[in-house]
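For reference, the structure is listed below as structure tokens.
Quick note on labels: first sequence line is chain A, next is B, and so on, each numbered from 1.
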There are 2 protein chains.
Amino acid sequence: MHATAAQVTLFPRADKPRPARPVLRDVTPHARSCTSCSLRKICMPVDVEGAQAQQMFRDLVTTRIRLHKGDVLFRAGDRFTALYSVRVGSCKTVTLTDDGSEQVSGYHLPGEIIGVEGIGNDVHAARAIALEDTEVCVMPFDRVQQLAHEDASFQRQLYRLLSTAIVRERSATTMLGTMRAEQRLATFLLDLSNRYQVRGYSSTEFVLRMTREEIGSHLGLKLETVSRLFSRFDEEGLVEVQGRVIKLRDRIGLQQLLCAS
Amino acid sequence: MHATAAQVTLFPRADKPRPARPVLRDVTPHARSCTSCSLRKICMPVDVEGAQAQQMFRDLVTTRIRLHKGDVLFRAGDRFTALYSVRVGSCKTVTLTDDGSEQVSGYHLPGEIIGVEGIGNDVHAARAIALEDTEVCVMPFDRVQQLAHEDASFQRQLYRLLSTAIVRERSATTMLGTMRAEQRLATFLLDLSNRYQVRGYSSTEFVLRMTREEIGSHLGLKLETVSRLFSRFDEEGLVEVQGRVIKLRDRIGLQQLLCAS
DNA sequence: CGACTAGTTGAGGCCAGTCAATGTTGGTGG
DNA sequence: CCACCAACATTGACTGGCCTCAACTAGTCG
């Protein structure tokens with residue numbers, strides 16, 4: 001039982017304290033409002049009615065936060081004060097398991113909202129870390145609540161946000177409970193592809209922002225297994241893998257992997 | 001009265017259409033209000049203030065539904081109209097996976113609320129089935145929403161309900177992603193034990209209401225593995241297993257299983 | 001009784017984990 | 001600019017945990 005350095009610190013970037021500013025908060029003085037945001041349809045697809053509610057919606061985002069690769073947005077146990085929406089870049093969320101190890105619970109692309117799991121307890125249940133240089137919008141939760149109270153369609157959207165998080169987590173559960181390794185990785189790639197497409201990026205060619213180990217952690221696999229599968233998918237012509245650059249070559253083939261027992 | 005003669009594959013009870021009443025809805029004419037319910041502290045731990053809100057809280061549950069073993073409370077795809085709280089008995093929820101198979105996503109004891117995953121989409125994402133003769137309270141969601149709008153502490157409770165569902169699903173994900181078979185089963189038993197204890201039942205001796213196959217489905221294991229593990233736990237003196245009757249003999253030992261790599 | 005469901009146990013195989021060696025990439029300082 | 005180092009990634013050999021297939025028992029119900 002030799003504890004190598006690698007074993008102790010599973011995600012080194014995550015824990016490495018940045019000098020003098022673990023989280024840097026560059027406040028944009030006149031934050032552009034959600035109303036005119038290009039990500040609005042993805043992030044907050046809602047039609048707020050009434051002058052007062054519209055004003056509140058404009059003022060929903062008070063600040064933006066710039067994160068460098070590896071910076072921590074919030075930690076498990078931090079007081080929950082706001083929801084965060086990814087504007088540029090991407091993040092991962094990491095959950096501590098009972099036995100002390102960590103698991104990547106999700107990857108978050110532009111337009112996706114982070115932090116919902118903290119709503120009930122006033123405390124965040126996960127750690128959020130930037131995978132690259134990233135900018136997030138801060139929506140203070142008291143403002144969110146006030147707007148939800150004022151406007152019914154925003155209230156609906158907030159409920160939708162929470163319940164889709166439940167459904168997403170559940171589908172992750174069924175994936176881990178029923179699928180084999182190749183199916184999990186195929187699911188992961190197809191999911192990423194879809195999400196990029198929705199955002200107007202290429203659905204067939206993208207760059208993975210996370211390591212093999214992080215992918216494996218998310219899928220309940222070891223990094224070697226992930227690496228081997230990438231190689232095999234490449235050989236079989238399903239995808240083309242060059243390091244972190246992924247090109248989907250045979251989407252149908254990937255989807256068929258899922259049907260197979 | 002009694003369900004019989006089913007064959008099929010995975011969950012025969014679930015798919016068998018009951019004659020003329022797939023779901024039976026015995027409306028209790030004067031449903032007792034939540035205010036005086038013995039399960040209230042577990043089910044709805046909230047202090048509603050104000051006369052009007054208190055009245056709405058009293059009228060929250062309109063009807064109760066009696067279910068026999070195997071009866072379906074709602075199906076995946078059913079329109080979402082209400083939250084349900086288990087009053088007596090127990091239920092399982094079953095989720096359809098992408099490839100058509102099914103997985104048990106949860107077991108629900110008295111005082112637990114079912115159906116939250118439907119809130120956002122107006123549609124239930126799972127099927128809920130009674131594991132024994134069961135009674136559930138119906139909370140029509142429009143009433144829930146109105147009360148949440150009226151009373152801040154109830155609104156909080158509703159958020160808490162949703163976010164704890166997220167956290168629970170996530171911990172299931174980490175369980176399936178990181179634990180080995182024996183750890184999953186130990187986790188399952190300890191979790192049940194805790195939940196029974198909170199409800200005032202014995203935490204060391206209880207009856208499993210589900211089959212080995214259903215347990216396995218929930219834990220991402222095959223029924224044979226579950227059976228073997230029960231036998232092994234029994235041999236090792238961790239638990240005493242007599243069919244579905246479980247007696248925890250060495251709680252510490254079970255907990256230590258979780259720490260071990 | 002026979003038919004059926006639930007559960008237990010055994011034998012064998014395969015998928016993914018483990019351990020280990022090696023190759024590749026990217027950031028940093030001289 | 002290059003050299004260097006650490007992190008990341010690939011690949012191979014081997015192991016073992018869980019699945020699969022199968023036989024058998026016990027209990028239930030018509």
Side-chain angles (χ1 to χ4, degrees), chain A residues 1-16 18-19 68-70 101 131-133 176-186 207-217 219-235 241-246 257 260-261, chain B residues 1-16 69-70 101 131 176-185 207-217 219-235 241-246 257 260-261:
Chain A
M1 52 178 268
H2 53 97
T4 68
Q7 192 174 3
V8 171
T9 60
L10 235 177
F11 302 101
R13 285 254 168 65
D15 299 303
K16 186 178 59 178
R18 297 208 144 249
H68 290 115
K69 183 175 175 177
S101 60
L131 289 169
E132 56 191 310
D133 286 4
L176 295 184
T178 64
M179 289 186 181
R180 289 186 295 102
E182 55 174 22
Q183 298 177 308
R184 298 185 201 179
L185 189 60
V207 177
L208 300 173
R209 294 297 171 184
M210 63 296 279
T211 68
R212 304 291 193 249
E213 184 174 24
E214 288 168 330
I215 296 172
S217 171
L219 301 177
L221 301 171
K222 291 295 158 184
L223 69 96
E224 294 95 329
T225 304
V226 174
S227 181
R228 268 186 256 273
L229 284 171
F230 271 133
S231 301
R232 224 186 69 199
F233 282 3
D234 193 313
E235 282 170 25
V241 183
Q242 292 158 332
R244 296 195 180 179
V245 181
I246 300 289
L257 275 185
S261 130
Chain B
M1 202 80 174
H2 254 232
T4 54
Q7 61 299 332
V8 204
T9 47
L10 242 176
F11 302 102
R13 288 252 168 64
D15 298 303
K16 186 186 59 176
K69 182 176 176 175
S101 61
L131 289 169
L176 294 184
T178 63
M179 288 187 182
R180 289 186 295 102
E182 54 175 22
Q183 297 176 308
R184 299 185 199 179
L185 190 61
V207 177
L208 300 173
R209 293 297 171 183
M210 64 296 280
T211 67
R212 304 292 194 249
E213 184 173 23
E214 288 167 331
I215 295 172
S217 171
L219 302 178
L221 302 171
K222 292 295 158 184
L223 68 96
E224 295 94 329
T225 304
V226 174
S227 181
R228 268 184 255 273
L229 284 171
F230 272 134
S231 301
R232 224 186 70 199
F233 282 3
D234 193 313
E235 281 170 27
V241 183
Q242 293 157 333
R244 297 196 179 178
V245 180
I246 300 290
L257 275 184
S261 133

With no hydrogens and no angle check, is any side-chain donor or acceptor of [X] less than 3.5 Å from a backbone partner on [Y]?
X      : Y      : result
A/D133 : A/H68  : no
B/R184 : B/L219 : yes
A/Q183 : A/L257 : yes

Rounded distance in Å - [atom1] ([X]) to [atom2] ([N]):
X      : N      : atom1 : atom2 : answer
A/H68  : C/dG27 : NE2   : P     : 13 Å
A/I215 : D/dC8  : CD1   : C1'   : 12 Å
B/L223 : D/dC18 : CG    : C1'   : 13 Å
B/Q183 : D/dC18 : CD    : C1'   : 14 Å
A/L185 : C/dC15 : CG    : C1'   : 15 Å
B/L229 : C/dG7  : CG    : C1'   : 14 Å
A/K69  : C/dT25 : NZ    : C1'   : 11 Å
A/M210 : D/dA9  : CE    : P     : 11 Å

Donor-acceptor pair present, [X] side chain and [N] base, under 3.5 Å:
X      : N      : result
B/E224 : D/dC21 : yes
B/R228 : C/dG7  : no
A/E213 : D/dC8  : no

Name the closest nucleotide to the A/K222 side chain, picking from D/dC18, C/dT18, C/dA11. C/dT18

Of the candidate nucleotides C/dA20, C/dT8, D/dC18, which contains the atom at the shortest distance from the side chain of B/S227? C/dT8

Look at all strands and tell whether [X] reaches a base, only sugar-phosphate, or nothing, counting heavy atoms closer than 4.0 Å.
X      : result
B/G216 : nothing
A/R244 : sugar-phosphate
A/S231 : sugar-phosphate
A/L221 : sugar-phosphate

Please report the C-alpha distance between A/E132 and A/R209 in whole Å, then the side-chain angles of each, then the deciding distance to 0.1 Å, and finally whether the salt bridge (charged side-chain N to carboxylate O under 4.0 Å, His left out) criterion is met. CA-CA 7 Å; A/E132 56 191 310; A/R209 294 297 171 184; 3.2 Å; yes

Passes salt bridge (charged side-chain N to carboxylate O under 4.0 Å, His left out), A/E224 versus A/K222? Steps please. CA-CA 5 Å; A/E224 294 95 329; A/K222 291 295 158 184; over 6 Å; no

Under 4.0 Å between a side-chain N or O of B/T225 and OP1 or OP2 of D/dC19? yes

